[in-house]
*Asks:* 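Below is a structure I'd like to ask you about.
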Amino acid sequence: MNAPFLPAPTLLDTARRMVPRYTSYPTAPHFSAKVDAGTYGGWLEKVRETGEAISLYLHVPFCRTICNYCGCTTKAALRDDPVRAYAAVIHDEIALLADRLGPVAVSHIHWGGGTPNILPPDCFAAIVQDLQDRFRFRPDMEHAIELDPRHVTAEGARRLAALGINRASLGVQTLDPAVQKAIARIQPLPVVEASFAALREAGITAINADLMYGLPLQNLDVIRDTTERVVELRPSRFAIFGYAHVPWMKSHQRLIDEATLPDAEARIRQAALAREILEDSGYVEIGIDHFALPDDPLTAAQNEGRLHRNFQGYTDDAATTLIGIGASSISKTPWGFVQNAPDNHGWRRAIESGRLPTARGKAYEGDDRLRADVIEELLCRFEVSLTEVAARHGETLEAFSEDIRRLAPLERAGWVATEGGRVRILRHRHEIARVVASEFDAYLGRGGRHSAAV
Ligand SMILES: C[S@@+](CC[C@H](N)C(=O)[O-])C[C@H]1O[C@@H](n2cnc3c(N)ncnc32)[C@H](O)[C@@H]1O
Ligand code: SF4
């Protein structure tokens, strides 16, 4: 490609670019109140007509204490009362959804948060029972949960397994005592080891570990030490998240001393070191921030071109409908996205008055689906045939002429190859995949503040 008027960017400037994570396209800042409960109700009824299996996401926005780095939608609950009250409303929301969806089949359930294992055991069991009564759980259903290792006990793990939980994700983040202090999350290695052991003894052997880089005071030694120690525990998957510092959205992140945050160059090195250790230890890179053992279903999905990206990251879940339950949760349907009221009060008020708690959303329009496909393929496979995606949508390569032009600087830098209607992110620069994807984002620059690309 010839575009001498556009200089090649530096890696540091590219890594600093503020771009979305693309767990959806269009991304959440472009959702609006034009999509309301009426729109969503119509979409749910159409889902029912398709007769296809759906996935469920249940959001539990409570934690015992808030970690300084946390970017999730959650709040502190020292007592169980607010959590119990929340669980009661979840049942009402399930009833509203079931009225519209009917006894649809469910292929995946994912509990996220916050800390879902904060739910008192009777509340958790009652919600699972309610879902089972109203929907049809597939026999091979994946039933996953995000767990805070500090709250995993042998008995708790057995209870989860008895309810059908067959996959768990543990938030490890870092094992370094100084970093743990800086992020207000004290969690020594024996706590993490005990949580792995408890899950495995209960029969939950599909375990993911979340690690983070770019945290305050983190350096290469810390990354090496944590990664190597957690590799010894042999989780089947890892997620390695770069700390997203967004204090304008998450005010508690102001508790982090910005002077102690690794700069863009250090973040690139930290991500690269974690990746090197994991690959040397037999893990396969899955998309931009996940790794899995060769015999993990995610690796098979990647090899067979069945990998998808959704709000929980990477998945082999092929369902085209993902229904979010709980305050702030986002749902995806074949016609667009909706988000529930983000605050617990607004969410509860809507449900108590018999309405779906939809706050905003985005119906696909124009070339949204075309671009969503390109972005998902880039983030799942690091390459995309624009010609093939265009053909699937009744278009030609012409539809992307502007986008290809915008890729010129990245190509001149030697990070991206575009030839024969195909875009490929070169292996040594997979970390800039979000930047490449952003060149296909027709909404970028029209609102929303994001986090650094690496
Ligand atoms: C809902 S939490 C996991 C469950 C549980 N609450 C815990 O912390 O152990 C999901 C994951 O998001 C990641 N995370 C949280 N805040 C983040 C941020 N600001 N930037 C990047 N990743 C973040 C962490 O790795 C965390 O484990
Ligand atoms: S990282 Fe997990 S435990 Fe910490 S505040 Fe966020 S959701 Fe809660």
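Just so you know, these numbers come straight off a predicted model, no measurement behind them. We count ligands from 1, going down the list as the structure has it; atoms in each ligand are counted the same way. Excluded from the calculations below are hydrogen atoms, water molecules and symmetry mates; all remaining heavy atoms, backbone and side chain alike, are included.
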*Asks:* In terms of atom number and element, which parts of ligand 1 are under 4.0 angstrom from non-hydrogen atoms of A244?
*Replies:*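 Counting from 1, the qualifying ligand atoms are 18 (C), 19 (N), 20 (N), 21 (C).
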
*Asks:* Applying a 4.0 Å heavy-atom criterion (strictly less than), which segment of Q253 is in contact with ligand 1: side chain, backbone, both, or neither?
*Replies:*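 The answer is the side chain.
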
*Asks:* Establish, yes or no, whether the cationic atom of R309 lies under 6.0 Å from the six-membered ring centre of Y314 and within 45° of the ring axis.
*Replies:*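 Output yes; distance and angle both within limits.
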
*Asks:* Number the atoms of ligand 1 from 1 as they appear, then name those within less than 4.0 Å of a heavy atom of M212, with their elements.
*Replies:*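 Once the distances to M212 are compared, the set is 17 (C), 18 (C), 20 (N), 21 (C), 22 (N), 23 (C), 24 (C), 25 (O).
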
*Asks:* For atom 4 (Fe) of ligand 2, which protein heavy atom lies nearest, and how many Å away is it?
*Replies:*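 Of the protein heavy atoms, C67 SG, 2.3 Å lies nearest.
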
*Asks:* Out of C63, G114, G113, A168, indicate the one that has the non-hydrogen atom closest to atom 5 (C) of ligand 1.
*Replies:*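 Nearest heavy atom to atom 5 (C) of ligand 1 lies in G114.
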
*Asks:* Quick one: does Y69 get an N or O within less than 3.5 Å of an N or O on ligand 1?
*Replies:*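 Right, the criterion is met.
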
*Asks:* Check each atom of ligand 1 against the heavy atoms of G242 and keep those under 4.0 Å away; list them by number with element.
*Replies:*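 Listed by number with element: 20 (N), 21 (C).
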
*Asks:* Need the ligand 2 atom indices (1-based, order shown) with element for anything under 4.0 Å from a heavy-atom of Y69.
*Replies:*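 Under 4.0 Å from Y69, ligand 2 has these atoms: 1 (S).
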
*Asks:* State the atoms of ligand 1, each with its element, that fall below the 4.0 Å cut-off from a heavy-atom position in R185.
*Replies:*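 Going through ligand 1 atom by atom, the ones under 4.0 Å from R185 are 7 (C), 8 (O), 9 (O).
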
*Asks:* With atoms numbered from 1 as shown, which atoms in ligand 1 lie under 4.0 angstrom from a non-hydrogen atom of G171?
*Replies:*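 Going through ligand 1 atom by atom, the ones under 4.0 Å from G171 are 9 (O), 27 (O).
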
*Asks:* Tell me: protein heavy atom nearest atom 2 (Fe) of ligand 2, and distance?
*Replies:*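 Going atom by atom, the protein heavy atom closest to atom 2 (Fe) of ligand 2 ends up being R185 NH1, 3.9 Å.
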
*Asks:* Report, in ascending order of atom number, the atoms of ligand 1 lying under 4.0 Å from any heavy atom of T115.
*Replies:*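 Under 4.0 Å from T115, ligand 1 has these atoms: 6 (N).
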
*Asks:* Provide, to 0.1 Å, the distance between atom 6 (Fe) of ligand 2 and the closest protein heavy atom, together with that atom's residue and name.
*Replies:*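 Answer for atom 6 (Fe) of ligand 2: C70 SG, 2.3 Å.
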
*Asks:* Got the closest protein heavy atom to atom 8 (Fe) of ligand 2, with its distance?
*Replies:*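 Looking at atom 8 (Fe) of ligand 2, the protein heavy atom closest to it is C63 SG, 2.3 Å.
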
*Asks:* Does the residue G171 have a heavy-atom contact with ligand 2, meaning some pair of atoms that are separated by less than 4.0 Å?
*Replies:*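 The answer is no: ligand 2 sits nowhere under 4.0 Å from a heavy atom of G171.
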
*Asks:* Kindly identify the option in A209, P61, G71 whose heavy atom sits closest to atom 17 (C) of ligand 1.
*Replies:*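 Selected option, by shortest heavy-atom distance: G71.
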
*Asks:* Looking only at side-chain N and O atoms, does S55 offer a donor or acceptor that is under 3.5 Å from a partner on D317?
*Replies:*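 Yes, because at least one side-chain N or O of D317 sits under 3.5 Å from a partner of the opposite role on S55.
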
*Asks:* Give a yes/no answer: is there an N/O/S atom of C72 under 2.8 Å from atom 4 (Fe) of ligand 2?
*Replies:*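 For C72, the answer is no, given that no N, O or S atom comes within less than 2.8 Å of atom 4 (Fe) of ligand 2.
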
*Asks:* Give a yes/no verdict on whether any heavy atom in C67 is under 4.0 Å from an atom of ligand 1.
*Replies:*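 Distance cut 4.0 Å: C67 fails for ligand 1.
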
*Asks:* Examine Q173 against ligand 1 and note whether any of their N/O atoms are separated by less than 3.5 Å.
*Replies:*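 Yes; the residue has a nitrogen or oxygen that sits under 3.5 Å from a nitrogen or oxygen of the ligand.
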
